[in-house]
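Since this is a predicted model, take the numbers as computed values, not measurements.
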Amino acid sequence: MALLNAGQLTLADWAKRLDPDGRAPKVAEALSQTNEILEDAVFKEGNLPTGHRLVIRTGLPQVFYRMINQGVPTSKSTTAQIDEACGILEARSHIDVELVKLNGNEAAFRLSEDMAFIEAMNQTMAGAMFYGNPGTDPRQFLGLQTRYSSLSAGNGGNILDAGGTGSNNCSIYLVVWGEDTVFCPFPKGSMAGLQHQDLGEESVPDANGNFYQAVRALYQWKNGLAVKDWRYVVRIANINTTDLVGQSATQASTAATQIINLMIRAMDRPPNLAMGRAVFYANRTVYSMLRVAALNKSSNALAIEAATNQFGTAYKMTTFMGIPLRKVDQLLNTESRVV
């Protein structure tokens with residue numbers, strides 16, 4: 001069986017590490033229930049209290065041919081520093097202690113409420129990894145769609161156009177996770193993943209300023225996204241979902257923009273897939289159509305293989321040319337055309 005997370009630190013790995021108080025961070029394992037990008041991402045402690053500073057090569061030194069008894073000029077490379085910021089995702093829960101007591105098993109009742117908060121945090125974080133935009137909300141970190149949003153930009157060569165022209169488009173992403181390619185930093189001195197803190201019972205005010213006793217909880221997740229080398233992310237944009245389901249027009253089997261053709265082209269964009277762990281991400285619509293293609297054997301490149309996830313659970317993994325295909329429900333079917 002294949003093991004998806006072999007060789008790289010994931011959120012589940014960090015959750016197994018002890019914090020400075022000798023306790024493991026709570027509830028991180030629940031993040032794998034949906035939006036599978038959260039299982040795959042490589043997590044790394046940042047070198048800044050607010051995120052991570054990257055040093056990127058921007059120019060190579062000049063080199064020269066020389067003759068005997070003749071020297072060459074000195075030269076040097078050039079670099080640039082880029083700061084990748086982390087965001088602080090947070091929520092609080094206050095539950096009237098009398099309501100908790102009415103439900104008999106108090107621990108189970110609070111856990112059921114915790115799970116709802118965890119799912120909300122999970123969905124919001126997965127969405128931010130693609131659609132986060134500090135230009136419209138400075139509290140967010142920069143997501144992948146925001147980085148890969150123009151065909152004429154410097155990284156436009158890593159955006160492949162699937163031909164959709166309306167607002168019913170979606171995207172597939174190829175990400176090569178690794179500490180030298182793409183990873184998720186968390187602030188220096190903090191802990192990775194979703195943290196849950198039981199704040200105990202306290203008097204809290206109601207809407208009229210009158211106090212009652214409530215049990216309180218704090219949920220917090222400090223996280224960012226660092227693209228150290230832009231060549232290791234490829235976006236297949238402008239996939240018309242109507243064409244895809246109908247397997248017609250831009251997604252007909254003979255079309256050059258058919259997603260299987262573009263996925264093959266996407267694999268040739270990163271300089272070296274062995275630099276990290278390569279994964280394709282698609283929403284449920286694309287994921288389902290590719291699984292149909294795999295079962296129909298319409299493409300030898302697609303396969304459904306036995307695998308185990310990072311928690312040791314067996315499941316059937318869809319792969320494309322040996323690269324895992326993962327489902328992300330936060331990826332939309334209503335994207336506008338990328339130009």
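Side-chain contact annotation: Arg337 with Thr165, donor-acceptor N/O pair under 3.5 Å absent. In this structure, a donor-acceptor pair under 3.5 Å is absent between the side chains of Gln330 and Tyr281. Asn333 and Asn283 form a side-chain donor-acceptor contact under 3.5 Å, judged by distance and modelled atom types alone. Between the side chains of Gln247 and Ser253, no donor-acceptor pair is found at a separation under 3.5 Å. Remark: the Ser171 side chain and the Gln145 side chain contain no N/O donor-acceptor pair separated by less than 3.5 Å.
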(request) Let me see the working for Ile172 and Val286 under side chain to side chain contact (heavy atoms under 4.5 Å, CB included), right down to the final yes or no. (result) CA-CA 8 Å; Ile172 299 173; Val286 176; 3.6 Å; yes

(request) Evaluate the ring-ring contact (aromatic ring centres under 6.0 Å, His included) criterion for residues Phe186 and His52: first the C-alpha distance (whole Å), next the side-chain angles of each, then the deciding distance (0.1 Å), finally the verdict. (result) CA-CA 8 Å; Phe186 54 95; His52 190 77; over 10 Å; no

(request) For Lys327 and Asp329, run side chain to side chain contact (heavy atoms under 4.5 Å, CB included): C-alpha distance rounded to whole Å, both residues' side-chain angles, the deciding distance at 0.1 Å, then the answer. (result) CA-CA 6 Å; Lys327 182 164 60 232; Asp329 286 333; 4.0 Å; yes

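Within a 6.0 Å sphere centred on CZ of Arg66, other residues, nucleotides and ligands contribute more than 12 heavy atoms.
A salt bridge links Glu202 to Arg216: at least one charged side-chain nitrogen sits closer than 4.0 Å to a carboxylate oxygen. One finds no salt bridge joining Lys101 and Glu201 here, because no Lys/Arg side-chain nitrogen approaches an Asp/Glu carboxylate oxygen to under 4.0 Å. Between Arg139 and Glu90 there is no salt bridge, since none of the side-chain N atoms of the basic residue sits less than 4.0 Å from a carboxylate O of the acidic one. Arg326 and Glu39 are joined by a salt bridge, as a carboxylate oxygen and a charged side-chain nitrogen come within less than 4.0 angstrom of each other.
Aromatic rings of Phe183 and Phe43 (six-membered ring for Trp) have centroids beyond the 6.0 Å cut-off, not under it.
Gln140 contributes a side-chain N or O that, together with a main-chain N or O of Asn133, makes up a donor-acceptor pair within less than 3.5 Å. With hydrogens and angles ignored, the 3.5 Å screen pairs a side-chain donor or acceptor of Gln251 with a backbone N or O of Thr257.
Ring geometry for Tyr219 against Phe117 counts as parallel: the plane angle stays under 30°, on a 0 to 90° scale with 60° as the upper cut.
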